[in-house]
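No hydrogens, no waters, no symmetry mates; every other heavy atom, side chains included, goes into these values. Convention: sequence-line order gives letters A, B, ...; per-chain numbering from 1.
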2 protein chains.
Amino acid sequence: MASAKTEVFTQEEQDLASFAKVLSHPARIAILKILAAQNACICGQIVEVLPLAQSTVSQHLKELKNAGLIKGTIEGPKSCYCINREAFEKLNQEFNSLFQTLQTEIAGNCC
Amino acid sequence: MASAKTEVFTQEEQDLASFAKVLSHPARIAILKILAAQNACICGQIVEVLPLAQSTVSQHLKELKNAGLIKGTIEGPKSCYCINREAFEKLNQEFNSLFQTLQTEIAGNCC
DNA sequence: TTGTATTATCGTACAAAAACGATAAACCAA
DNA sequence: TTGGTTTATCGTTTTTGTACGATAATACAA
């Protein structure tokens, strides 16, 4: 937060940080699991399961959607959400790339 | 933040969210890369590279250390930090586990 | 058209994160 | 011991995140 002097960090670092931020709340992880496990794509079904107000769940869904991790379509008065597989494949790759970098490029630990 | 009603979410969800939160700032990702790439384990060297105040860098280092992602040892007046490989292996596994769950357990997309 | 159900958005309150300067703490060198 | 170097911590300010209730918007049913 604050200024963050975001200009200085690489695009990759900022992208990864943004994705991580979306995953940094247990409610959003729970929502993703719900979407993945069932066809419970309707917002109301998620509200029933989670102990959060409808407006709060809707807010989390919005963030997940803004990040591209889920897709949403309107079905009449209802809204249908589901996992965006392509996005997660990309995200998975980015994380793995970071992990590989961190684990392999160690020239020799000093601790 | 706020209450977060953390009691309701599973331990796995909370753990993953905590790890993600640590990675949710580009400065911390940059610090991890610096530690991995060089033997620049000294706090001062990181301060030189990043456009952040020394106190801010120290704060980020503390968070990384609290999360167990890096190890730190005191060398006289200096502090030496380095990547905790074991922690990253575990983190990598947890993320991969989540990604697999999200990508495989889709019973049939509705969007 | 009127009502009902569902979801999104607005406004607000509070908690947490991020940044910085200043200062304290720790250790080595002279 | 004194002074210099390095890092951690404290105090503060600003920004962001989280949560909720209330309300608006949307579309279907009667």
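Contact check of residues 56-65 of chain B against DNA chain C (heavy atom, cut-off under 4.0 Å) returns B:T56, B:Q59, B:H60, B:E63.
Residues satisfying the side chain to side chain donor-acceptor pair (under 3.5 Å) test with A:N84, not counting sequence neighbours, are none. By the side chain to side chain contact (heavy atoms under 4.5 Å, CB included) test, A:E13 pairs with A:F9, A:T10, B:P26, B:I29, B:A30, B:K33, sequence neighbours left out. Partners of A:Q11 by side chain to side chain contact (heavy atoms under 4.5 Å, CB included), not counting sequence neighbours, listed by chain and number: A:D15.
For A:I42, counting side-chain heavy atoms from C-beta on, the closest listed nucleotide (C:dA18, C:dT6, D:dG21) is C:dT6. Set against C:dA18, D:dT7, D:dC20, the side chain of A:S55 has D:dC20 as its closest nucleotide.
Regarding A:K78, its NZ atom lies at a distance of 7 Å from the P atom of C:dT7, rounded to whole Å. Between A:Q54 atom CD and D:dA24 atom C1' the separation is 12 Å, expressed in whole Å. Atom pair B:N66:CG and C:dA18:P shows a separation of 13 Å (rounding to whole Å applied). When rounded to the nearest whole Å, the span between CG of A:L52 and P of C:dT7 equals 15 Å. Rounded to an integer number of Å, the gap from B:E48 CD to D:dT5 P is 14 Å. Following rounding to the nearest Å, B:K21 (NZ) and C:dA18 (P) show an atom-to-atom distance of 9 Å.
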Give me the distances for all protein-to-nucleotides 25-30 of chain D N/O pairs that come in under 3.5 Å?
none

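Judged as a salt bridge (Lys or Arg N to Asp or Glu O under 4.0 Å), the pairs with a partner in residues 91-102 of chain B (not counting sequence neighbours) are, in order, B:K90-B:E94.
Considering CG of B:L102 and CD1 of A:I70, their distance stands at 11.5 Å, rounded to 0.5 Å.
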### Stepwise side chain to side chain contact (heavy atoms under 4.5 Å, CB included) check, A:I46 with A:L61
CA-CA 10 Å; A:I46 300 172; A:L61 285 168; 4.2 Å; yes
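Looking at A:R28, its side chain never comes within 3.5 Å of a backbone N or O of A:H60 through a donor-acceptor pair.
Counting heavy atoms from C-beta outward, B:I83 and B:L32 have side chains that approach closer than 4.5 Å. Annotation: side chain of A:L35 is not in contact with side chain of A:L64 (no heavy-atom distance under 4.5 Å).
The side chain of A:Y81 contributes an N or O atom lying less than 4.0 Å from OP1 or OP2 of C:dA8.
At a threshold of 4.0 angstrom between heavy atoms, the contacts of A:S79 are confined to the sugar-phosphate backbone, with no base atom among them.
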